[in-house]
Amino acid sequence: MRFSKAFIPTMKESPADAEIPSHKLLVRAGFIRKKASGLYDILPLGTMVIRKIERIIREEMDRAGAQEVILPIMHPAELWIESGRWEVYGKEMIKFKDRHGRDYALGPTAEEMITDLVRKEVKSYKDLPLNLYQIGRKFRDEIRPRFGLMRAREFIMKDAYSFHASDEDAEREYWNMYETYSRIFSRMGLEFRAVEADTGEIGGKFSHEFMVIADTGESSLVFCEKCGYAASTEKAEQLKPEEPKGRDKEFKSIEKVATPGIKRIEEVSDFLNVPPQKVLKLLIYVVDGKPVAVAIRGDREVEEAKLKAVFRGSEVRLATDEEIEKFTGQPKGYLSPVGLKLPVYADFTVIPMVNFVAGAGEEGYHLINVNWGRDFEVKEFVDVARVVGGDPCPRCGSPLVEKRGIEVGHIFKLGTKYSEAMGATFVDESGEEKPLVMGCYGIGVTRVMAAAVEQNYDENGIIWPVEIAPFEVIVIPVNVKREEVMGLAEEIYEELKKAGVDVLIDDRNARPGFKFKDADLIGIPVQVIVGKKAQEGIVELKVRKTGERREVEKSCIIEEIHNLLQDLR
RNA sequence: CGGGGCGUGGCGCAGCCUGGUCAGCGCGCUUGGUUCGGGACCAAGAGGUCGGGGGUUCAAAUCCCCCCGCCCCGACCA
């Protein structure tokens, strides 16, 4: 590709509406342009990156035994009504009517579409298992699209769906996809973690999110460097502490102290001069309309996703002030587990607590030297606290590391949710009709592009991993008017092309500094600078990532570049 | 949806409070020339319904009303 002919509109300044690095840089470097909120044009460079990402995904999915299909983007409403999701998916789905008044949606995901296809064609266990995938556009009318490609309303996704005769086989495929995804993201040169994820209403342990590690990530995760445990903080478990032996021997007598106007944990902690870890926080939640009292150590936070899982609720929220009064008869800010009308569920963090502070159940007073078991009963110890970095690993006890991540992939064992709703059945070996067992597996292709930038950039621009870089090499003739410079540059360019290297030549009649800036900005991994020593047949190789430069004699350029690219992979 | 901010040539912005001499700057673009290893310089140019509509006024980018678009934030006192 010749830069002079290519559509690569770079710019010096970041667009005013871009916030995060990937958004700014992808726009500045000419990979994308915004069309409207959450909608982007993907320019030639961006398209090249997307194609490379897709190619890796295709190769690995095919290798794993999946087969590619292309399903309509327009989804007939009937299928969504059948699965019960027409209403549930609600506002996020873009719905419209055709000229006959029939309802359709632009597909946000394709469980219904694929299940419909498979239920019509698959009748016997002999046709199973089956894993079908597609790479295409998805539409989600997000409440608030943001961060460029990170949360767009139209995006490219690879979605795969597998069908099985048994739970065991679905599980086997789940782990097959787990391995496949790990290979895919490794090949892309990304630092990632597969974390145990919250499974929402479906339940079970079979859901992993693949997170690209980046400070700007929307979700947080913890992992153990020793045993490999990794989980989203929406899911991460706590190591259950032992109840200290003889803790009752330490019990002091409970006392009521005046704490006028002191409500918040920090205020209480300051006022009574005790660390927040010695204060009990009591929260009233409403789980599917019913009040639940949850006690937790004062410095910790409740992870609502975990709470939801523990109480198997579909809707969890904090109680309002009025509800608190109604449910407990106590004033907000001074809630006490002692004498509480509701059963107290206590987080694991409460187990080791002794002689702690709690509200007194009346305005302006707290209790000190409170002890569970003596002063109030704990109905059950539950694991609802949000795990943070430094907490012990639930598997091996080593300290966990906490990082932020961008979710680029998600694998899920669906079970029979859709097959039952939509009557997708098969006949097994004994002639019995059963629902198909399903799994689904997604990768956000456009998001991978953004995440790769988010993880790989510096003050000068993007630094693409070789495997997904739009070009592997850029040849920069420093002065296109000097024959020996241009001649050598062209020669190298042709040779690299012949050698199968993706190469761009910056044949623009521009000053060198300008070209260097652009080359850094668009992030091509290896730069070949043809300049001063062209006459002697010597060029300079520069590695974008490290800034390392070395002079190379013309005859060994191809070999040197191959080695460099190999090292960078 | 609630809260905040923004909308002025392709991009980044100033001007708005205190209406008039306010259509401006930098970058980019065109032409000519000089330059040529880290976003050059000189000269001459082109390019704008000041988001849209309505209103106030002798006069509106500027004040008022409505609409549209874009960005950011949105639980954790129990």
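Naming convention: chains lettered A, B, ... in sequence-line order (proteins, then strands); numbering from 1 in each chain.
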If I take atom [atom1] in residue [X] and atom [atom2] in nucleotide [N], what distance separates them, rounded to the nearest angstrom?
{"X": "A:Met11", "N": "B:G26", "atom1": "CE", "atom2": "C1'", "value": "15 Å"}
{"X": "A:Leu521", "N": "B:C27", "atom1": "CG", "atom2": "P", "value": "19 Å"}
{"X": "A:Arg508", "N": "B:C29", "atom1": "CZ", "atom2": "P", "value": "10 Å"}
{"X": "A:Phe514", "N": "B:C36", "atom1": "CZ", "atom2": "P", "value": "18 Å"}
{"X": "A:Asn509", "N": "B:G33", "atom1": "CG", "atom2": "P", "value": "12 Å"}
{"X": "A:Asn460", "N": "B:G37", "atom1": "CG", "atom2": "P", "value": "19 Å"}
{"X": "A:Arg28", "N": "B:C27", "atom1": "CZ", "atom2": "C1'", "value": "12 Å"}
{"X": "A:Glu13", "N": "B:C13", "atom1": "CD", "atom2": "P", "value": "7 Å"}

According to the Watson-Crick and G-U wobble definitions, with both distances under 3.5 Å, which nucleotide is paired to [N]?
{"N": "B:A23", "value": "none"}
{"N": "B:G38", "value": "none"}
{"N": "B:G45", "value": "B:C29"}
{"N": "B:C76", "value": "none"}
{"N": "B:G7", "value": "B:C68"}
{"N": "B:C16", "value": "none"}

Distance between the [atom1] atoms of [N] and [M], in whole angstroms?
{"N": "B:C13", "M": "B:G32", "atom1": "C1'", "value": "30 Å"}
{"N": "B:C65", "M": "B:A23", "atom1": "C1'", "value": "26 Å"}
{"N": "B:C36", "M": "B:G51", "atom1": "P", "value": "44 Å"}
{"N": "B:G24", "M": "B:U49", "atom1": "P", "value": "15 Å"}
{"N": "B:C50", "M": "B:A14", "atom1": "C1'", "value": "13 Å"}
{"N": "B:A46", "M": "B:G7", "atom1": "P", "value": "28 Å"}
{"N": "B:U35", "M": "B:G12", "atom1": "C1'", "value": "27 Å"}
{"N": "B:U56", "M": "B:C64", "atom1": "P", "value": "15 Å"}

Exercise. Quick one, give me the B/S/- string for nucleotides 69-76 of chain B, reading 5' to 3', where B means a protein heavy atom under 4.0 Å from the base and S means that only happens at the primed atoms, P, OP1 or OP2.
Key: -SSBBBBB
Quiz item: Is it true that the side chains of A:Glu407 and A:Ser219 contain a donor and an acceptor less than 3.5 Å apart?
Solution: no
Self-check item: A:Ser232 and A:Glu234 side chains, donor-acceptor separation under 3.5 Å
Solution: no
Ignoring hydrogens and angles, are the base of [N] and the side chain of [X] linked by a donor-acceptor pair under 3.5 Å?
{"X": "A:Asp520", "N": "B:G38", "result": "yes"}
{"X": "A:Lys12", "N": "B:C27", "result": "no"}
{"X": "A:Arg549", "N": "B:G38", "result": "yes"}

Quiz prompt | Qualifying residue for side-chain hydrogen bond (donor to acceptor under 3.5 Å, both in side chains) with A:Gln238, from A:Asp347, A:Thr349, A:Asp391 | solution = A:Asp347
Quiz prompt | Over 12 non-hydrogen atoms of neighbours within 6.0 angstrom of CZ in A:Phe356 | solution = yes
Quiz item: Around A:Arg151, counting heavy atoms of other residues, nucleotides and ligands shown, do more than 12 lie under 6.0 Å from its CZ?
Solution: yes
With 3.5 Å as the limit, what N/O pairs link the protein to nucleotides 51-53 of chain B?
none

Quiz item: For the ring pair A:Phe311 and A:Tyr285, is the centre-to-centre distance below 6.0 Å?
Solution: no
Quick one: label [X] by what it contacts on the DNA or RNA (base, sugar-phosphate, nothing), any heavy atom closer than 4.0 Å.
{"X": "A:Glu540", "answer": "base"}
{"X": "A:Gly531", "answer": "base"}
{"X": "A:Thr328", "answer": "nothing"}
{"X": "A:Ile529", "answer": "base"}
{"X": "A:Pro15", "answer": "sugar-phosphate"}

Quiz item: Yes or no on side chain to side chain contact (heavy atoms under 4.5 Å, CB included) for A:Glu19 and A:Met150, after CA distance, side-chain angles and deciding distance?
Solution: CA-CA 11 Å; A:Glu19 195 75 11; A:Met150 221 54 102; over 6 Å; no
Quiz prompt | Given B:G38, B:C77, B:G37, the nucleotide with the shortest approach to the side chain of A:Val478 | solution = B:G37
Exercise. Take A:Val378 and A:Phe376 through the side chain to side chain contact (heavy atoms under 4.5 Å, CB included) test and state the conclusion after the steps.
Key: CA-CA 7 Å; A:Val378 171; A:Phe376 66 95; 3.8 Å; yes
Exercise. Work out which heavy atom in A:Gly148 is nearest to a heavy atom in A:Tyr40; give both atom names and the distance.
Key: CA-OH, 3.2 Å
Practice problem: Please report the shortest heavy-atom distance between A:Pro394 and A:Glu237, naming the atom on each side. | Solution: CG-O, 3.5 Å
Exercise. With RNA chain B as reference, determine whether A:Leu282 or A:Asn479 sits nearer its 5' end, using the nearest nucleotide of each.
Key: A:Asn479
Quiz item: How do A:Gln527 and A:Val268 order along RNA chain B: which one's closest nucleotide is nearer the 5' end?
Solution: A:Gln527
Quiz item: What residue among A:Arg137, A:Lys34, A:Lys35 forms salt bridge (Lys or Arg N to Asp or Glu O under 4.0 Å) with A:Glu154?
Solution: A:Arg137
Practice problem: Give the intermediate values and the outcome of salt bridge (charged side-chain N to carboxylate O under 4.0 Å, His left out) for residues A:Glu540 and A:Lys542. | Solution: CA-CA 6 Å; A:Glu540 188 175 293; A:Lys542 180 187 158 192; over 6 Å; no
